[in-house]
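Because the structure is predicted, anything quoted here is derived from the model rather than measured. Just so we're on the same page: letters track the sequence lines, and every chain starts at 1.
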Amino acid sequence: DVKVTQSSRYLVKRTGEKVFLECVQDMDHENMFWYRQDPGLGLRLIYFSYDVKMKEKGDIPEGYSVSREKKERFSLILESASTNQTSMYLCASIQMGTNIQYFGAGTRLSVL
Amino acid sequence: DAKTTQPTSMDCAEGRAANLPCNHSTISGNEYVYWYRQIHSQGPQYIIHGLKNNETNEMASLIITEDRKSSTLILPHATLRDTAVYYCIVPPPYSGGGADGLTFGKGTHLIIQP
């Protein structure tokens with residue numbers, strides 16, 4: 001089975017802190033995604049990566065950056081966390097040639 | 001993405017078949033229908049997808065009408081663990097090199113009653 005693992009299920013951070021959310025997939029997928037999910041707003045794409053060191057902005061990249069140094073690992077970085085970044089963050093990788101995305105369990109981040 | 005319409009919520013008795021409808025009247029000829037579900041506080045999970053033929057896997061069956069304007073996801077013997085939000089989506093044909101991601105609407109909240 002494909003496995004997408006997010007490093008934390010729950011995180012509590014303070015405003016202004018730098019936050020790292022880590023995601024690892026074990027299926028050698030080229031493409032990986034970071035989304036956030038908020039009630040009433042559905043999933044929104046933050047960043048996308050189609051190869052090591054390659055990234056593209058999604059719909060809501062402001063306040064975030066990403067890092068993809070190795071194929072299996074895609075990190076989301078909140079440079080200076082703010083309360084409006086309190087959300088559920090979901091990482092996914094995609095099976096090439098399809099629109100089958102495999103999601104991690106999610107990280108529920110609270111910024112106080 | 002082709003727009004999809006699903007009921008907001010549905011109930012089903014445990015052990016019975018759950019039939020979840022989806023309308024996608026603007027679907028184009030080379031677009032697939034995908035179904036995902038999201039159990040509370042977990043990430044979305046892929047269930048099944050299809051183009052025009054009916055499909056079945058270990059999780060569910062997908063029935064697509066001949067005109068492809070609607071489909072039904074069938075969970076043959078629903079259990080309490082099937083309580084989740086079910087999303088029907090019609091993404092553009094695979095564009096893995098792009099930044100589209102997947103667009104999930106509000107989905108159908110399926111509640112399995114004991």
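- Rounded to the nearest 0.5 angstrom, B:Y32 OH and A:T98 OG1 are separated by 10.0 Å.
- For the options B:P44, B:S41, B:G107, heavy-atom pairs under 4.5 Å to chain A are most numerous at B:P44.
- Distance CG/A:N99 to OH/B:Y46: 10.5 Å, rounded to 0.5 Å.
- Heavy-atom pairs under 4.5 Å with chain B were tallied for A:S49, A:A105, A:G42; the largest tally goes to A:A105.
- Cluster annotation: B:I63 is not connected to B:Y86 through the hydrophobic network of ILVMFWY side chains, with a link wherever side-chain heavy atoms come within less than 4.5 Å.
- By the rule that hydrophobic residues join a cluster once side-chain heavy atoms approach within less than 4.5 Å of another member, B:I47 and B:V90 end up as members of one cluster.
- The part of A:Q37 that comes within reach of chain B is its side chain, from C-beta onward, which places non-hydrogen atoms under 4.5 angstrom from that chain.
- Interatomic distance, CD1 of B:I48 versus CD1 of A:I100, reported as 10.0 Å (0.5 Å rounding).
- More than 12 non-hydrogen atoms from other residues, nucleotides or ligands lie less than 6.0 angstrom from CZ of A:R9.
- B:L75 and B:I111 are not part of a single hydrophobic cluster, where members link through side-chain heavy atoms under 4.5 Å apart.
- Contacts of A:R44 with chain B are absent, with no heavy-atom separation under 4.5 Å from either backbone or side chain.
- Between atom CE of residue A:M88 and atom CD of residue B:Q42 there is a gap of 8.5 Å, rounded to the nearest 0.5 Å.
- There is a path of hydrophobic side-chain contacts, each under 4.5 Å, that joins A:I60 to A:F74.
- A single hydrophobic cluster is seen to contain both A:F48 and B:I89, as judged by linkage of ILVMFWY side chains at heavy-atom distances under 4.5 Å, directly or through other members.
- Interface remark: B:Y36 contributes side-chain atoms only to the contact with chain A (heavy atom separation under 4.5 Å).
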